[in-house]
S.K.: 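Once you've had a glance at the structure underneath, I'll fire off some questions.
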Amino acid sequence: MKLVLSEEQRELRTAVRSFLAAASPLPKVREGYDREVYARLNGELGLSGLIVAEEYGGAGAGFAELAVALEETGAALLPGPFLSTVFATIALTEAADKELLSGIAEGRITATLATGPLDRVINGMEADVLLVPEGDVLTAVELDGPGVTRTPLETLDLTRGQASVRLDGASLRALGPVPGGLGDRLAVALAAEQLGVLRASLEAIVAYAKIRVAFGRYIGSYQGVKHKLADMHCKLEQAESIVRFAAWAADESPGELPQAAALAQAYVGRACFEVARDHLLLHGGIGFTWEHDAHLFYKRAKADEVLLGPPRIHRSRLAELLEL
Amino acid sequence: MKLVLSEEQRELRTAVRSFLAAASPLPKVREGYDREVYARLNGELGLSGLIVAEEYGGAGAGFAELAVALEETGAALLPGPFLSTVFATIALTEAADKELLSGIAEGRITATLATGPLDRVINGMEADVLLVPEGDVLTAVELDGPGVTRTPLETLDLTRGQASVRLDGASLRALGPVPGGLGDRLAVALAAEQLGVLRASLEAIVAYAKIRVAFGRYIGSYQGVKHKLADMHCKLEQAESIVRFAAWAADESPGELPQAAALAQAYVGRACFEVARDHLLLHGGIGFTWEHDAHLFYKRAKADEVLLGPPRIHRSRLAELLEL
Amino acid sequence: MNLDEYQLAARAWLEENAADDSPESDPVVRSKEFMAKLYDAGYSGITWPERWGGQGLTQAEERAFSTAARDFTLPIYVFSIGLGMTGPTLVDRGTDEQRERFVRPLLRGEEIWCQLFSEPGAGSDVASLQTRAVRDGDGWVVNGQKVWTSVAHHADWGLLLARTDVEVPKHKGLTMFVVDMRHPGVTVRPLKDMSGRSNFNEIFFDDVPIPDEHRVGEVNDGWSVAVTTLLHERLSISAGVGMGTGRDDPTALAALREVVDTSDPLVRDELVELHIRNRALALFNQRLAQETKAGIFPGARGSAAKLLLAELTLYQADLGTRLVGPDSVVDGHPLSHAISLSPAMSLGGGTNEIMRNIVGDRVLGLPPEPRVDKTVPFKDLKVGTQG
Amino acid sequence: MNLDEYQLAARAWLEENAADDSPESDPVVRSKEFMAKLYDAGYSGITWPERWGGQGLTQAEERAFSTAARDFTLPIYVFSIGLGMTGPTLVDRGTDEQRERFVRPLLRGEEIWCQLFSEPGAGSDVASLQTRAVRDGDGWVVNGQKVWTSVAHHADWGLLLARTDVEVPKHKGLTMFVVDMRHPGVTVRPLKDMSGRSNFNEIFFDDVPIPDEHRVGEVNDGWSVAVTTLLHERLSISAGVGMGTGRDDPTALAALREVVDTSDPLVRDELVELHIRNRALALFNQRLAQETKAGIFPGARGSAAKLLLAELTLYQADLGTRLVGPDSVVDGHPLSHAISLSPAMSLGGGTNEIMRNIVGDRVLGLPPEPRVDKTVPFKDLKVGTQG
C-alpha cells in the first residue's frame with residue numbers, strides 16, 4: 001500500500017497548483033468556465049489525458065496521479081467540465097472509443113456522464129458529449145446534436161453547473177460495456193476533489209485566524225478557534241490518508257477497491273462538508289457575505305457530498321461489503 | 001404544560017438536597033446502602049411513600065414531585081434500593097397491594113422490579129421484595145424467602161448493585177394486572193435520576209474549573225474548557241425541560257406520555273453520560289483515580305443509560321410513535 | 001378587563017385588522033398604515049410609558065398580545081429595530097427632549113429606525129469599532145463605515161455608536177448618537193449575503209453632521225448605552241415578536257417526512273434525531289417562557305437557547321440535504337435555499353463562540369479570559385485584520 | 001545482511017526466544033531474563049551508540065525489528081520507561097560517567113528505571129511542579145511528591161525533575177537528577193485508577209539525598225532536558241514498540257459483531273461508523289509510518305494521531321456498551337472493563353486539550369495564547385488548586 005506521494009507526483013501537484021493559482025484564481029472562478037484555461041490546462045499540463053491510455057494519446061497515468069490533479073482542481077474550485085470529463089474517461093475504460101478518448105486526451109472534447117436521471121447532469125451545458133449507461137451498455141450522445149435539449153439548472157454550487165438534458169429522437173451511440181466497478185472509481189475521483197476542497201477551506205481559515213484580531217488578540221490564539229482548527233486538521237490528515245489508499249487500491253488492488261471507495265465517500269464527503277462549514281462559520285459575519293469566497297467552498301462541499309446520491313448509500317454499501 | 005417547579009416542589013427539593021448533603025455525602029456513598037439513612041429519608045421526608053396513594057399511608061404526590069426527589073437522589077448517587085422501590089411502587093399502580101404499599105410508604109419494606117431477566121435485578125441484594133411481571137400479571141416474591149437464591153453481581157456502577165436471582169420452588173404471589181404504560185413511567189423516573197447525575201457532574205466540574213490552575217490561569221478561563229462547559233450547560237437546560245415535561249405528562253397528559261417517556265430516555269440518558277464523561281475528562285489525571293469521585297458519576301451515568309435496554313430501543317419507540 | 005379578556009380583545013382586533021396582507025401594495029407603506037392602526041387601537045408600545053406615547057401596561061399584557069398575535073404575520077418588519085432596540089434605548093437613556101421628539105412618531109409608524117453598531121473590522125468585538133465622531137463647533141461630524149444594518153434603506157433615523165476618543169481604552173471612548181439617515185453624506189449600499197439576497201446594508205458616513213442634542217448619554221459613555229440596546233436586542237430575538245413561525249420550513253420534520261424514504265430504518269432514525277433535538281430545544285424555550293411569566297428572568301441563559309437554535313438550524317438544513325440527496329441542491333429546491341441561509345443564525349446576534357463565552361462567564365460564573373484590550377489606549381490597540 | 005534478512009533473522013530469533021510466556025513465573029524476573037537474552041542477541045538498544053552498549057544501527061533496523069516483533073508480546077514492560085524515555089535522555093544529555101554507569105545495565109536488563117516528572121498539583125502544566133531539590137554540601141536533598149509513575153515499585157533508578165530555584169520563572173528554576181529509588185526516604189505507594197487497578201504509583205520524597213554527579217544537565221536547565229525526555233516519550237508512544245496489538249479488544253468491530261444483533265439496520269450502521277473511524281485513523285497512522293520511512297518526520301502531527309486515538313478509544317467503549325445494553329455493565333463483562341479504562345488514553349501523555357494546542361500551535365502555526373506564567377517568579381505564580 002502506498003500512502004505517500006512519489007517525487008513525480010509531488011512535482012505534478014506543484015505544477016497543477018501553480019498553474020491554477022495563476023490562471024484560475026478565485027475571482028476568476030466566479031466568472032465560470034473558461035475554455036482558454038482548459039486549453040492551457042490540457043496543453044501545458046496534459047491533465048485531460050492524464051489517465052487516458054498512451055495508445056489513445058494520453059499519459060497512461062493511474063488514479064494516484066489523477067487524485068493529485070483532482071485535489072488541486074478541487075482546492076481551486078476550478079469551474080467547468082473537468083471532473084465530468086474524468087468521470088466520462090473512467091466510464092470509457094472498457095468501451096475505449098478512439099475518437100472520444102483521443103479527443104479528450106487532446107483537450108478537444110469535454111464530456112460528462114449521467115450519474116443519475118438526465119434531468120440533472122453535471123456540466124451538461126459545457127460538455128460536448130454525454131455518456132449514458134443504458135443497462136450494461138455505455139452509450140454516447142452529442143450534446144449539441146439534433147434531438148437534444150439542454151436547460152441550465154439553478155444550482156447551489158456556483159462553481160459547477162448542472163443541466164437538465166432532454167433527448168427527443170437523439171441518436172445514442174452504443175460504445176461497449178459499462179466497466180465493472182465504475183461507481184467505485186467515480187467515488188474515488190470525487191473524494192480526491194473533496195480532499196482538495198477540504199484542504200483549501202482549512203488553509204483559508206487558518207490564514208485568516210492568523211491575521212484577524214478580536215478583543216486585542218488574533219482569533220487563532222483563542223482555544224475556541226484553535227481547538228476547532230486542530231480537529232479540522234485531524235479530519236484533513238485522515239481524509240488524505242483515505243484518498244491515497246483508495247487511489248492506490250484503484251490502481252493496484254481491485255479486491256480492496258469497493259471498500260476503499262465506499263469508505264472514501266463515507267468519510268471524506270462528510271469531513272469535507274464539515275470543514276467547509278466550520279471554515280465559513282469561523283470567518284464570522286464576513287463569511288456570510290456574497291463577496292467573500294467562503295460560501296463557494298461551502299456550497300461545493302455540500303453539492304459534492306450528495307453528488308453520487310444521498311450519503312447513506314455509501315454506508316449501506318460498506319455494511320454489505322463488511323458482511324455485517 | 002407545566003415546566004417550572006411550584007413553591008412546594010422547590011421546598012421539597014431543598015429539603016431532600018440538604019438532607020442528602022448531610023446524611024449521605026460522597027465519602028459515605030462509597031460505603032454502600034445504609035438502612036439508617038433510608039429510615040430517616042422515609043421518616044423525616046416521607047420519600048418512600050411519596051407517590052403511594054394516601055389511602056395506603058403515602059403522600060399521594062405525582063410524578064412532578066417524584067422527579068424532584070429522584071433528581072436529588074441521583075445527584076447524590078444515593079446507594080441502596082431507592083430507585084428500585086420507586087419502580088416497584090409504579091408497578092403496583094393497578095395491583096395495589098395494601099400490605100406492600102403501606103410497608104413501602106412506612107419505609108418498612110424495600111422492593112425492586114425485574115426490568116429484564118432475573119439474572120440482573122437492580123438492588124436485588126438489598127431489596128426485601130421482588131416484583132416480576134409474568135405476562136399481564138404482576139407477581140411478588142420475598143427475596144429472603146425459601147427457594148430464592150441471590151448472588152451479588154460485579155457491577156460497573158459502584159453505587160448501585162445488581163444481583164442474580166434464582167427462583168427454585170419459591171412461591172410467586174399474583175398481585176393483579178401489570179399497569180399499562182409501566183415502561184413509560186419507569187423511563188420517566190429513570191430520566192429524573194439521570195438529570196440529577198448530569199447536574200451534579202456539571203456542578204462538580206464547574207466548581208473545579210474555578211479553582212484549578214494551569215499555566216498560571218484558572219482552567220475555566222480557557223475557552224477549550226469554558227466552551228465545553230457551556231455546551232454541557234445547554235444539555236442540562238434541555239434535559240431538565242424534558243424531564244419536567246415528561247413528569248407533567250405522566251401526571252396530567254397520558255396521551256403525551258409515551259412520546260415524552262421515549263424522548264426522555266433518548267435525550268436525557270445520552271446527555272447524562274456525555275456530561276458525566278466530559279466532567280471526568282476535564283478533571284485531568286486526577287479524575288482517573290479511584291479516590292476521586294468523578295468515576296462514580298461516569299459509571300452511574302453509563303449504567304443508567306443502558307438500564308432499561310440498549311438505548312436504541314427508545315429511539316425505535318419514538319419512530320413508531322411518530323408513525324415514521 | 002382581565003388578561004384573558006385582553007387577549008381575546010386583541011385577537012378579535014387582529015382578525016379584523018391584520019388578516020388582509022394585500023401583498024401587492026408597497027410593504028413600507030403597508031407597515032406604516034398598520035402601525036398607525038395599531039397605535040390608535042392601543043397595541044403599540046404596550047409596556048412603554050404613557051407620557052411618551054406608550055400604553056403604560058405590563059409584561060403580562062405584552063405577552064397576552066404576543067400570544068394572540070402568534071397566528072398572524074404582522075406587517076411591522078421595517079419597525080422591528082425601532083420597536084425592539086432603538087426605541088427602548090431612547091426610553092431608558094434619552095433626554096426628555098429626545099423622548100418627546102422620537103418615541104411617539106416611532107410608535108405611530110411615522111418614522112423608521114435602524115441601528116448602527118457593527119463594523120467590518122470589529123465583528124464580535126463591537127467595542128473595537130473605528131467610525132469617528134469629531135467635535136465640530138457645537139456639534140459633531142461623523143466619518144466611517146457600518147455594516148449588517150437591517151432596514152437602513154428605509155430608515156429615517158439611526159442609533160449610531162461612534163468613537164469620540166482614541167486616547168483611552170476602547171470601551172471608554174465611545175459615544176451614542178441619533179443620526180439623520182436622510183442626510184446626503186449617508187450612503188446606504190445593499191449587502192448581498194451568501195444566499196444571494198440583500199437583507200442587510202453597508203452604510204458609509206462622509207462628514208455627516210450631528211447636533212449635540214442628538215447625543216444619547218454622556219460623551220464617552222456610549223458603551224453603557226450600547227449595552228442597554230444589546231440587552232433589548234437579545235430580549236427581542238428571544239421573544240421573537242411578530243416573526244414567522246416556520247410553518248413552511250423545508251427542513252422541519254413535517255416537511256422532510258413527506259419527501260424522504262421513511263421505509264429505510266436509517267432515514268427513520270435520522271428523523272427521530274431531528275425530532276429529539278427539536279423537542280429538546282422547544283421545551284427549553286417553553287420553560288424559559290414559563291419562568292419569565294413566573295418572574296424568573298432568563299438573563300444570559302437566553303444565550304444558551306440562541307446557541308442551540310443556531311446549531312439546530314445548521315443541523316436541520318444539513319440533514320435535509322443529506323436525506324434528499326442530489327435533488328436537494330439543484331433547480332431551486334427549497335433545501336438549497338435553506339442550506340445557504342443556515343449559517344445566518346450562527347453569525348447574527350453574536351457568534352456561537354460569543355454565546356459560549358456568555359454562558360460560561362455569566363451563567364456558570366467561570367473566570368474570564370485574561371484581557372489585553374481593557375487598559376490599552378485605543379490608538380495603540382490591534383484591531384480588525386492585521387496583514 | 002540487508003534489511004529483509006535482518007528482519008527474518010530477528011523473527012527467527014523471536015520465535016525461538018519470545019514464544020514461551022511462562023506466565024507462572026515472576027514477571028519482573030522474566031523481564032530481566034528476556035532483556036539479558038535480547039542484549040546478548042544484539043537486539044537491545046539497536047540505534048543506541050555502541051560505546052555505551054547499543055548496536056549503533058539505524059532507524060531502519062529498529063523498524064525492521066519492530067515489524068518482526070509485531071506478532072509477539074515481548075515481556076519487557078518494566079523496562080519500557082528506561083528504554084523509551086530515561087535511557088535515551090541519558091544518551092543525549094548525560095555526562096560520560098553517567099552513560100557509562102547507567103546505560104549498559106539498562107540495556108542488559110539489570111536495572112529498572114522510572115520517570116518522575118508529574119505532580120498532582122501540576123497536571124498538564126508539568127513545569128509548575130513543586131518538588132524541591134535544595135543544595136546540601138556537595139549534593140542535594142529532595143522533598144516532595146510525584147504521581148502517575150509507572151513501574152516505580154520495581155525501579156532501581158528514577159529520572160527526577162525538581163525545582164531548584166523559586167525566584168525565577170517556572171521553566172527556569174528546574175533541574176534534572178537521577179535519584180536512587182531504593183533509598184529509605186523514597187516511599188512508593190500504588191495509585192488505584194478508576195478501573196480499580198494499580199498501574200501507577202505515587203512517590204513521596206522525604207529528605208532524599210542526591211550526589212551532584214547524578215545531576216543531568218546544568219543547574220536550572222532541567223526543562224530543556226525534560227523536553228528531550230518528553231520527545232522520546234511521544235516517539236515511544238506513537239511507535240508502540242512491544243505493546244499489545246489489541247487482538248482481544250472487546251470494543252473492536254471483530255468482537256462486537258459477534259455479540260450484537262446485526263439484523264438490526266441501526267446496529268449495522270453503528271458498526272459501519274466504527275469501521276470508518278478505525279480505518280481513517282489506521283490509514284493515517286500507516287501514512288505517518290510510511291512518511292517516517294521516507295525521511296519525513298511527523299513531529300507535532302503525531303499529536304493529531306494521539307488525539308484521534310484518544311477519542312476513538314472513548315467512542316469504541318461507549319458504542320460497545322450502547323449496543324450490548326444492560327449486560328455490558330454487569331458480571332465482569334469485558335466491555336465493563338473497557339468503559340472504565342477508556343478515559344486513560346485521553347488523559348495520559350497529555351490531555352486532548354493539550355494535544356489540540358500542540359496541533360494548533362505547531363502544525364497549523366496559530367498564534368499562542370497570551371501567557372501569564374512565563375515571566376513571573378515561581379514563588380509568585382498561582383499553581384495547583386486554589387481554594
Side-chain angles (χ1 to χ4, degrees), chain B residues 115-117 119-120 122 151 153-158 161-164 208 210-219 222-225 228 269-270 273-274 277 280-292 294-296 298-299 302-313 315-316, chain D residues 118 120-125 127-128 147-148 170 191-196 198 200 260-261 264 266-267 270 314 318 321-333 335-337 339-340 342-344 346-348 351-353 356-357 369 371-374 376 381-387:
Chain B
T115 56
D119 58 4
R120 45 171 173 77
I122 58 165
T151 320
L153 296 174
E154 193 185 317
T155 49
L156 172 69
D157 184 356
L158 301 167
Q162 300 197 29
S164 167
Y208 188 65
K210 292 178 185 177
I211 59 165
R212 175 70 179 187
V213 172
F215 306 101
R217 280 167 55 183
Y218 292 110
I219 62 169
Y222 290 100
Q223 289 189 348
V225 174
K228 209 160 225 172
R270 183 89 281 249
F273 177 70
E274 288 174 347
R277 176 197 63 204
L280 185 145
L281 294 175
L282 289 172
H283 272 94
I286 189 84
F288 191 59
T289 60
W290 185 263
E291 282 70 26
H292 197 279
H295 69 104
L296 302 179
Y298 174 85
K299 291 169 178 173
K302 177 46 80 179
D304 275 1
E305 189 186 16
V306 298
L307 187 59
L308 298 177
R312 67 181 173 280
I313 63 172
R315 299 172 66 92
S316 306
Chain D
S118 298
S124 296
D125 182 10
S128 71
V147 78
W148 303 122
K170 65 178 186 181
L191 183 67
K192 216 161 137 184
D193 70 29
M194 64 180 275
S195 77
S198 297
F200 301 102
V260 300
D261 173 16
D264 181 335
L266 296 180
V267 172
E270 296 271 22
L314 287 169
D318 178 37
T321 51
R322 280 189 285 126
L323 292 179
V324 169
D327 291 332
S328 68
V329 294
V330 291
D331 209 15
H333 195 287
L335 285 169
S336 185
H337 196 57
I339 193 86
S340 278
S342 67
S346 293
L347 298 169
T351 62
N352 297 352
E353 283 72 32
R356 290 192 178 94
N357 280 342
E369 286 270 333
R371 288 285 288 267
V372 295
D373 60 334
K374 289 220 155 171
V376 186
L381 187 68
K382 259 195 304 216
V383 293
T385 307
Q386 306 259 325

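Model, not experiment: these values are computed from the prediction. First the proteins, then the strands, lettered A, B, ... as listed; each starts at 1.
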S.K.: Side chain from CB out, backbone as N, CA, C, O: work out which of these in D/L381 comes under 4.5 Å of a heavy atom of chain B, or both, or neither.
M.R.: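 Just the side chain, heavy atoms under 4.5 Å.
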S.K.: State whether B/R217 and D/E369 are salt-bridged, where the test is any N-O pair (Lys NZ or Arg NE/NH1/NH2 against Asp/Glu carboxylate O) under 4.0 Å.
M.R.: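 Yes, B/R217 and D/E369 are salt-bridged.
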S.K.: Select one option (side chain, backbone, both, neither) describing which atoms of D/V383 are under 4.5 Å from chain B's heavy atoms.
M.R.: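 D/V383 touches chain B through backbone heavy atoms alone.
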S.K.: Between D/A122 and chain B, with a heavy-atom cut-off of 4.5 Å, which part of the residue counts as in contact: side chain, backbone, both or neither?
M.R.: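 Contact with chain B is through the backbone of D/A122 alone.
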S.K.: Relative to chain B, which segment of D/P120 carries a heavy atom at a distance below 4.5 Å: side chain, backbone, both, or neither?
M.R.: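 Answer is backbone: N, CA, C or O of D/P120 sit under 4.5 Å from chain B.
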S.K.: Need one label for B/R315: side chain, backbone, both or neither, based on atoms under 4.5 Å from any heavy atom in chain D.
M.R.: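 B/R315 has no heavy atom closer than 4.5 Å to chain D.
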S.K.: In terms of ring plane angle, is the pair B/H292 and B/Y208 parallel, tilted or perpendicular, where the classes change at 30° and 60°?
M.R.: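 Perpendicular, since the angle between the ring planes exceeds 60°.
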S.K.: Measure distances from D/S195 to the heavy atoms of chain B and classify the residue's part below 4.5 Å as side chain, backbone, both or neither.
M.R.: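 Just its backbone gets close to chain B.
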S.K.: Using atom types as modelled and distance alone, determine if a side-chain donor or acceptor of D/K382 lies under 3.5 Å from a backbone N or O of B/Y218.
M.R.: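 Here the side-chain-to-backbone pair does not exist.
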S.K.: In terms of heavy-atom pairs under 4.5 Å, which option from B/G224, B/G269, B/G285 contacts chain D the most?
M.R.: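 Looking at each option in turn, the highest pair count goes to B/G285.
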S.K.: Are the side chains of B/F273 and B/D304 in touch, meaning some heavy atoms are under 4.5 Å apart?
M.R.: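 In short, these two side chains do not touch, never coming nearer than 4.5 Å.
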S.K.: Strictly below 4.0 Å, N to O, side chains only: are B/E291 and D/K192 in salt-bridge contact?
M.R.: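 So B/E291 does not pair with D/K192 through a salt bridge.
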S.K.: Backbone N or O of D/L323 within a donor-acceptor pair of the B/R312 side chain at under 3.5 Å?
M.R.: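 Side chain of B/R312 to backbone of D/L323: a pair is present.
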S.K.: If I measure from the heavy atoms of chain B, does D/L335 come under 4.5 Å with its side chain, its backbone, both, or neither?
M.R.: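 It is neither, since no heavy atom gets under 4.5 Å.
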S.K.: For the pair B/K302 and B/E305, find out whether any cationic side-chain nitrogen is under 4.0 Å from an anionic carboxylate oxygen.
M.R.: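 A salt bridge is present here (some side-chain N lies under 4.0 Å from a carboxylate O).
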S.K.: So does D/D331 pair up with B/R120, basic N to acidic O under 4.0 Å?
M.R.: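 Salt bridge between D/D331 and B/R120, a charged N being under 4.0 Å from a carboxylate O: no.
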S.K.: Side chain, backbone, both or neither: which part of D/R322 has a non-hydrogen atom closer than 4.5 Å to chain B?
M.R.: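 Both parts, backbone and side chain.
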S.K.: Do you know which of D/I339, D/L191, D/T351, D/L266 has the most heavy-atom pairs under 4.5 Å to chain B?
M.R.: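 The candidate making the most pairs under 4.5 Å is D/I339.
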S.K.: Non-hydrogen atoms of chain B under 4.5 Å away: do they reach the side chain of D/D264, the backbone, both or neither?
M.R.: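 For D/D264, the contact with chain B is made by the side chain alone.
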S.K.: Picking from D/S340, D/S128, D/S118, D/G123, which has the most non-hydrogen pairs under 4.5 angstrom with chain B?
M.R.: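 The option with the most such pairs is D/S340.
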S.K.: Assign the ring pair B/F215 / B/Y222 to parallel, tilted or perpendicular, where the plane angle (0 to 90°) is split at 30° and 60°.
M.R.: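 If you compare the ring of B/F215 with that of B/Y222, the planes turn out perpendicular.
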S.K.: Which atoms of D/K170 come close to chain B, meaning under 4.5 Å heavy atom to heavy atom: side chain ones, backbone ones, both, or neither?
M.R.: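 D/K170 touches chain B through side-chain heavy atoms alone.
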